[in-house]
J.: 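Can you keep this structure in mind? I'll have questions shortly.
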Amino acid sequence: MLQLEVIREEKARIVAALRKRNWNNTQLKAIDQIIALDDRRRSGQKELDDTRAEMNRMAKSIGQLMGQGKKEEAEQQKKAVAALKDQEKGLEENMAAIKHDLDQLLYSVPNAPHKSVPKGKTPEDNKVFKAWNKTFPTLPADAAPHWELAKKYNLFDLELGVKLTGAGFPVYRGQGARLQRALIQFFLDEAVKAGYEEIMPPHLVNEDSARATGQLPDKEGQMYHCTVDDLYLIPTAEVPVTNILRDEIVAEKDLPIKMTAYTPCFRREAGSYGAHVRGLNRVHQFDKVEIVRVEHPDNSYKALMGMVSHVSKLMAKLELPYRILLLCGGDMGFASAKTFDFEVWSAAQQRWLEVSSVSNFETFQTNRMKLRFRDGNGKIELAHTLNGSALALARIVAALLENNQTPEGIQIPKALWKYTGFKMIK
RNA sequence: GGAGGAGUGCCAGAGUGGUUUAAUGGAGCGGUCUUGAAAACCGUCGUACUGAAAGGUACCGGGAGUUCGAAUCUCUCCUCCUCCGCCA
């Protein structure tokens, strides 16, 4: 969430930034409400503290009187404290209500887009940051979409997934399963080579973790929730990995902290059905290697470009046509200050598929999770967090299968040979 | 799952109702000494809210309660340890 002090001190900038997310005047009233509530919180805190200070003084004096055996006087003072106690209780309730309202408002405000983020309302308004200026693959006359190729070569089975679980849970098998494992290992190896520490986190997280990275309360319905144990299946490795540093104060010299993890990702994707979600285009469970960075605020935008460059290299090594979009204010995720999306060209479907999203969250997550660092002067500051998919598998697989199909079989890019153990799916 | 024990600061560890303002030791940081280092000695050493500052307030696993006053007593939840059961 946004920092209160930033909202107070840089209100004009925040308001302008939220307009980029197409916030109207009615929505923007939340900002003034936040400031008004914070004023009430401050004065209420002072009043409560003063009352408690007085109670503490009297308690101490009662203790002394008892010690001196002055029971009468002590009893009198006890009666005087009773009135203060009622007052304290009232003030506490008042403060709890104010804090509750303030939190609700703060949780409802998305991150302020960076000044370089373009205006816009829909995905059509995203800016092409890097276009694909080479040729697209030429396919044979009988080119098939990936879900047909999957049947032909026995690579994955969605209907079998329905039997085992439900719609959107693919069962990978044979060379298809091997390709999954190869891609995961390739992505992890590349991330480790780039200096990221490999992490294997839990695939379920508690409510605190889900709130810290911004999944709760904003995307409650997106996650699978195990209600008996009150745990959430992770929608991305970002959640457990970033939370490793929750409530930590790290040394400035330890920045940046770079971590990578492979996990399956679970998303309910409620309400999305139809032709555009066929095959692996949108599924409830998919595999992804994520990269996460904790950065010094001065370096976070440089780091963002570093991550974009890392993902670009992966695309190049997989020999896939791709483009990079700079998301407009209207299309960005709730917690992000700036996001680049990677889209891969899916040749048989003749459409772009999103395969990576690389974002700088600035202090939006670290403010929620109290992830800070101590600078050279001993001052404690919020760090910046960033993350990106490097990469999400399901759609990469879709594109690989479609783009590389030949009458003889599906060609595997060279970079994967040592992981797959085969050069061609037959 | 059952029985018992335990959770205190960066770490170790004292404190079972009132000068506790959480002792003490270690680590860390600053300094003295030294060619440098070690040792010794001196100092410093939590976080948050509030306040211009001085200061005030809260926090001893989480939450609730008893009391004029709680790290300390009660309830509840969580975690860890020991034993038993089950188990890849």
Side-chain angles (χ1 to χ4, degrees), chain A residues 1-9 34-107 200-212 216 225-232 240 243-255 257 363 365-383:
Chain A
M1 63 184 123
L2 292 174
Q3 295 164 258
L4 257 174
E5 54 190 284
V6 172
I7 293 176
R8 296 189 74 108
E9 285 164 23
I34 285 169
I35 293 172
L37 270 171
D38 189 45
D39 287 339
R40 285 177 57 199
R41 181 186 64 87
R42 288 182 187 201
S43 58
Q45 187 71 50
K46 176 94 175 70
E47 215 178 331
L48 181 59
D49 285 355
D50 288 347
T51 306
R52 282 177 172 162
E54 179 61 22
M55 287 170 68
N56 287 344
R57 272 194 295 276
M58 292 183 81
K60 196 168 268 183
S61 127
I62 290 170
Q64 280 168 356
L65 290 171
M66 299 283 273
Q68 292 160 12
K70 297 176 181 168
K71 289 229 170 86
E72 296 272 313
E73 286 179 54
E75 285 305 319
Q76 271 187 332
Q77 292 223 1
K78 279 192 194 183
K79 278 173 197 155
V81 175
L84 279 176
K85 218 179 173 183
D86 284 345
Q87 192 184 328
E88 189 211 18
K89 206 179 167 197
L91 289 169
E92 267 176 359
E93 281 165 9
N94 184 39
M95 278 298 281
I98 290 171
K99 276 185 183 161
H100 172 82
D101 292 350
L102 187 54
D103 277 349
Q104 290 251 292
L105 275 171
L106 283 170
Y107 276 125
M200 284 192 84
H203 298 168
L204 282 84
V205 292
N206 58 30
E207 197 184 319
D208 286 345
S209 294
R211 186 179 301 106
L216 290 177
H225 186 193
C226 306
T227 51
V228 177
D229 298 294
D230 202 17
L231 296 172
Y232 294 87
N243 270 280
I244 288 173
L245 278 307
R246 168 153 53 90
D247 290 323
E248 295 287 335
I249 299 173
V250 301
E252 189 174 23
K253 66 175 165 56
D254 292 334
L255 298 177
I257 297 169
T363 59
Q365 294 181 327
T366 54
N367 187 36
R368 283 194 183 186
M369 70 170 74
K370 300 286 169 266
L371 164 47
R372 294 161 293 171
F373 69 97
R374 204 182 295 272
D375 71 17
N377 304 318
K379 202 177 150 238
I380 290 167
E381 269 186 79
L382 292 173

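Protein chains get the first letters and strands the later ones, always in sequence-line order, with residue 1 at the start of each. Side-chain atoms are counted along with the backbone in the values below, which use heavy atoms only and exclude waters and symmetry mates.
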J.: Quick one: side chain to side chain donor-acceptor pair (under 3.5 Å) partners of A:Glu9, sequence neighbours excluded?
T.: none
J.: Which residues satisfy the side chain to side chain donor-acceptor pair (under 3.5 Å) test with A:Ser209, sequence neighbours excluded?
T.: A:Asn206, A:Arg246
J.: Output all residues satisfying side chain to side chain contact (heavy atoms under 4.5 Å, CB included) with A:Lys379, sequence neighbours left out; order by chain, then residue number.
T.: A:Asp375, A:Glu381
J.: OP1, OP2 of B:U50 versus side-chain N and O of A:Arg41: anything below 4.0 Å?
T.: yes
J.: Find the distance between OG1 (A:Thr366) and CG (A:Leu382) and round it off to the nearest 0.5 Å.
T.: 4.5 Å
J.: Go through the structure and list residues passing side chain to side chain donor-acceptor pair (under 3.5 Å) with A:Glu207, not counting sequence neighbours.
T.: A:Arg211
J.: Mind checking the P distance from B:G7 to B:G13? Whole angstroms is fine.
T.: 10 Å
J.: For B:G61 versus B:A70, give the span between their P atoms, rounded off to a whole number of Å.
T.: 16 Å
J.: B:C49 and B:C33: how far apart are their C1' atoms, nearest whole angstrom?
T.: 43 Å
J.: Nearest whole angstrom, please: distance from the P of B:G1 to the CG of A:Asp229.
T.: 10 Å
J.: Side chain to side chain donor-acceptor pair (under 3.5 Å) with A:His100: which residues, sequence neighbours excluded?
T.: none
J.: Checking A:Ala59 now: which residues fulfil side chain to side chain contact (heavy atoms under 4.5 Å, CB included) with it, not counting sequence neighbours?
T.: none
J.: Which helical stems does RNA chain B take part in, if a stem means at least 3 consecutive Watson-Crick or G-U pairs with both distances below 3.5 Å?
T.: B:1-7 with B:78-84, B:10-12 with B:24-26, B:28-32 with B:40-44, B:46-50 with B:55-59, B:61-65 with B:73-77
J.: Send over the distance from A:Asp247 CG to B:G9 C1', rounded to a whole Å.
T.: 16 Å
J.: So which of A:Arg368, A:Met1, A:Gln3, A:Arg372 actually passes side-chain contact (heavy atoms from CB on, under 4.5 Å) with A:Thr363?
T.: A:Gln3
J.: Pull out every residue in residues 92-105 of chain A that has a heavy atom closer than 4.0 Å to any atom of RNA chain B, ordered by number, or say none.
T.: none
J.: Could you give the CG-to-P distance, from A:Asp230 to B:C78, as a whole number of Å?
T.: 12 Å
J.: Could you tell me the separation between the NZ atom of A:Lys46 and the P atom of B:G55, rounded to a whole number of Å?
T.: 15 Å
J.: For atom P, what is the distance between B:G4 and B:U8, given to the nearest Å?
T.: 22 Å
J.: Which value, in whole Å, describes the distance between the C1' atoms of nucleotides B:G9 and B:U44?
T.: 15 Å
J.: List the atom pairs, with distances to 0.1 Å, where a side-chain N or O of residues 39-46 of chain A and a protein N or O form a donor-acceptor pair under 3.5 Å, not counting sequence neighbours.
T.:
unit_1	atom_1	unit_2	atom_2	d
A:Asp39	OD1	A:Arg8	NH1	3.2
A:Asp39	OD1	A:Arg8	NH2	2.7
A:Arg41	NE	A:Asp38	OD1	2.8
A:Arg41	NH2	A:Asp38	OD1	2.7
A:Arg42	NE	A:Asp38	OD2	3.3
A:Arg42	NH2	A:Asp38	OD2	3.4
A:Ser43	OG	A:Asp39	O	3.3
A:Ser43	OG	A:Arg40	O	3.2
A:Gln45	NE2	A:Asp49	OD1	3.1
A:Lys46	NZ	A:Asp50	OD1	3.3
A:Lys46	NZ	A:Asp50	OD2	3.0

J.: Suppose you measure atom P in B:A48 against the same atom in B:A53; what distance do you get, rounded to whole Å?
T.: 15 Å
J.: What interatomic distance, in whole Å, is found between P of B:U76 and the corresponding atom of B:U82?
T.: 25 Å
J.: To the nearest 0.5 Å, what is the distance between NZ (A:Lys89) and CG (A:Leu91)?
T.: 12.5 Å
J.: Roughly, in whole Å, what's the span from CZ in A:Arg8 to P in B:C49?
T.: 13 Å
J.: Summarise how protein sits on nucleotides 56-70 of chain B as a single string, 5' to 3': B when a protein heavy atom is under 4.0 Å from the base, S for sugar-phosphate-only contact, - for no contact.
T.: BSS--------BBS-
J.: Any salt bridge (Lys or Arg N to Asp or Glu O under 4.0 Å) involving residues 51-63 of chain A? Give me the pairs, sequence neighbours left out, ordered by first then second residue.
T.: A:Arg52-A:Glu88, A:Arg52-A:Glu92, A:Glu54-A:Arg57
J.: Determine the interatomic distance between P on B:U47 and the same-named atom on B:A22; round to the nearest Å.
T.: 15 Å
J.: Starting at atom CG of A:Asp375, determine the distance to atom P of B:C29, rounded to an integer number of angstrom.
T.: 17 Å
J.: CD of A:Gln64 versus P of B:U21: gap in Å, rounded?
T.: 11 Å
J.: Apply salt bridge (charged side-chain N to carboxylate O under 4.0 Å, His left out) to A:Lys85 and list each qualifying residue two or more places apart in sequence or on a separate chain.
T.: none
